[in-house]
Amino acid sequence: MQARLREAVVYTAKMLPILGPDIGKYLASWFNRGVFSVKPRGCAFPVYVRGRTSDAKCLYQVFCCEEYPVQEMENVACIIDAGANVGYATVYLRLHYSQARILALEPEESNYDLLVRNTQHYT
């Protein structure tokens, strides 16, 4: 339990500038079951994080570590997000390539359900 607490505190501290007032919900998602909504900086709509899953780490990787480096490219017509998980990268890419058509693929049903929820406000 101490290792998990330490890990949660480290991730949460790094996510503070990204989540601002939603940081408490992010920390809670490390220890509590349920679905938590958080709104990363730059997002017009919240994204959802399932408690006690890898979602919190995935959110950290996409929005804090920026594991999907974006480049200043014009006229990006199509992006394929194969293995979209719960849609964090899909949302992140939408923020950077607003004109692109994004095809998000996710075979696992519970991940797909949250992917749909996380991307419902985006075209």
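Each residue takes its place number in the sequence, starting with 1. Worth saying up front: this structure is predicted, and the values here are computed from it rather than measured.
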Exercise for review: Please lay out, stage by stage, how D55 and L114 fare under the test side-chain contact (heavy atoms from CB on, under 4.5 Å).
Suggested key: CA-CA 10 Å; D55 289 0; L114 200 56; 3.6 Å; yes
Review point. So C43 and V91, side-chain contact (heavy atoms from CB on, under 4.5 Å) or not? Walk me through it.
Key: CA-CA 8 Å; C43 289; V91 170; 3.9 Å; yes
Practice item. Take S29 and R52 through the side-chain contact (heavy atoms from CB on, under 4.5 Å) test and state the conclusion after the steps. Key: CA-CA 6 Å; S29 75; R52 297 189 59 86; over 6 Å; no
Practice item. Could you check R117 against V35 for side-chain contact (heavy atoms from CB on, under 4.5 Å), going step by step and ending with a plain yes or no? Key: CA-CA 11 Å; R117 190 172 180 188; V35 178; 3.7 Å; yes
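Counting only residues at least two apart or in different chains, ring-ring contact (aromatic ring centres under 6.0 Å, His included) contacts with residues 51-87 comprise Y11-Y60, F63-Y92. Sequence neighbours left out, the pairs with a member in residues 22-41 that pass salt bridge (charged side-chain N to carboxylate O under 4.0 Å, His left out) are D22-K25. The salt bridge (charged side-chain N to carboxylate O under 4.0 Å, His left out) contacts involving residues 91-116 comprise nothing, where partners must be two or more places apart or lie in separate chains.
Applying the under-4.5 Å side-chain rule to Ile, Leu, Val, Met, Phe, Trp and Tyr, the cluster around Y112 extends to L115, V116.
Checking side-chain atoms of N118 against main-chain N and O of V86 turns up a donor-acceptor pair under 3.5 Å. A donor-acceptor contact shorter than 3.5 Å is absent between the side chain of R50 and the backbone of F36. Here the side chain of Y88 pairs a donor or acceptor atom with the backbone of Y48 at under 3.5 angstrom.
E7 pairs by the salt bridge (Lys or Arg N to Asp or Glu O under 4.0 Å) definition with K57, not counting sequence neighbours. Every residue two or more places apart in sequence or in another chain that forms a side-chain contact (heavy atoms from CB on, under 4.5 Å) with I23 is listed here: T12, M15, L16, L19, Y26. Not counting sequence neighbours, the partners of Q71 by the side-chain contact (heavy atoms from CB on, under 4.5 Å) test are M73, Y97. Among residues two or more places apart in sequence or in another chain, the side-chain contact (heavy atoms from CB on, under 4.5 Å) test is passed with F45 by H121, Y122.
The hydrophobic clustering, which links ILVMFWY residues whose side-chain heavy atoms are closer than 4.5 Å, places V76 and V70 together. No chain of hydrophobic side-chain contacts below 4.5 Å, direct or via other Ile, Leu, Val, Met, Phe, Trp or Tyr residues, connects L5 to V10.
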Can you give me every donor-acceptor pair (side chain of residues 77-85, partner residue at least two apart or in another chain, under 3.5 Å) with its distance?
unit_1	atom_1	unit_2	atom_2	d
D81	OD2	T90	N	3.4
D81	OD2	T90	OG1	2.6

